[in-house]
Amino acid sequence: MLTVFMEYKISPDFIQLYESQMDSVINELKACGASDIQWYRAADQPSLYVECFQVNDQASYDTIKKNRTSLQHPVFSILDECVTGGLEKIHCWAFEKLNTKEDL
């Protein structure tokens with residue numbers, strides 16, 4: 001299981017557009033195998049957003065990351081104009097879930 005964090009800096013003029021697209025984004029992430037999807041705005045930086053979700057394997061993560069940063073993807077392409085400085089400003093991290101005693 002991988003926990004994924006994607007961070008975006010949104011241009012202030014596009015925050016409303018970005019937020020209006022989140023239902024579509026969540027549905028697309030679910031279709032690609034993501035679960036436990038959350039997104040939030042950073043309290044100390046109102047234009048900074050983070051999406052957080054889990055995927056079962058590296059292949060699902062790779063597909064989501066490719067789609068999420070694609071200018072051609074029908075759901076995600078509209079979000080490109082919202083991101084300050086373009087898609088190269090998107091930061092993405094994936095962490096493998098560590099087994100705990102409760103998981104064993």
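All values below were derived from every heavy atom in this structure, side-chain atoms included, with hydrogens, water molecules and symmetry-related copies excluded.
Applying the salt bridge (Lys or Arg N to Asp or Glu O under 4.0 Å) test to every pair with at least one member in residues 31-40, sequence neighbours left out, gives no pairs at all.
With sequence neighbours left out, the ring pair (Phe, Tyr, Trp, His ring centres under 6.0 Å) criterion links Phe53 to no other residue. A search for salt bridge (charged side-chain N to carboxylate O under 4.0 Å, His left out) contacts involving Glu28 returns nothing, not counting sequence neighbours. A search for side-chain hydrogen bond (donor to acceptor under 3.5 Å, both in side chains) contacts involving Asp62 returns Gln58, not counting sequence neighbours. Residues passing the side-chain hydrogen bond (donor to acceptor under 3.5 Å, both in side chains) test with Asp57, sequence neighbours excluded: Ser60. Looking at residues two or more places apart in sequence or on another chain, you find a side-chain hydrogen bond (donor to acceptor under 3.5 Å, both in side chains) between Glu19 and Arg41, Tyr49.
Using a 4.5 Å cut-off between side-chain heavy atoms of Ile, Leu, Val, Met, Phe, Trp and Tyr, with links allowed through other members, Leu48 and Tyr18 fall into different hydrophobic clusters.
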Thr63 and Lys66: CA distance, side-chain angles, deciding distance, side-chain contact (heavy atoms from CB on, under 4.5 Å) verdict: CA-CA 5 Å; Thr63 298; Lys66 178 183 172 192; 5.8 Å; no

side-chain contact (heavy atoms from CB on, under 4.5 Å) between Val55 and Met1, intermediate numbers included: CA-CA 6 Å; Val55 292; Met1 180 74 69; 6.0 Å; no

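Considering every non-hydrogen atom in both Ser47 and Ile15, the closest pair reads CA-CD1, 4.3 Å.
Here the CD1 atom belonging to Ile64 is positioned 10.0 Å from the CD atom belonging to Glu51, to the nearest 0.5 angstrom.
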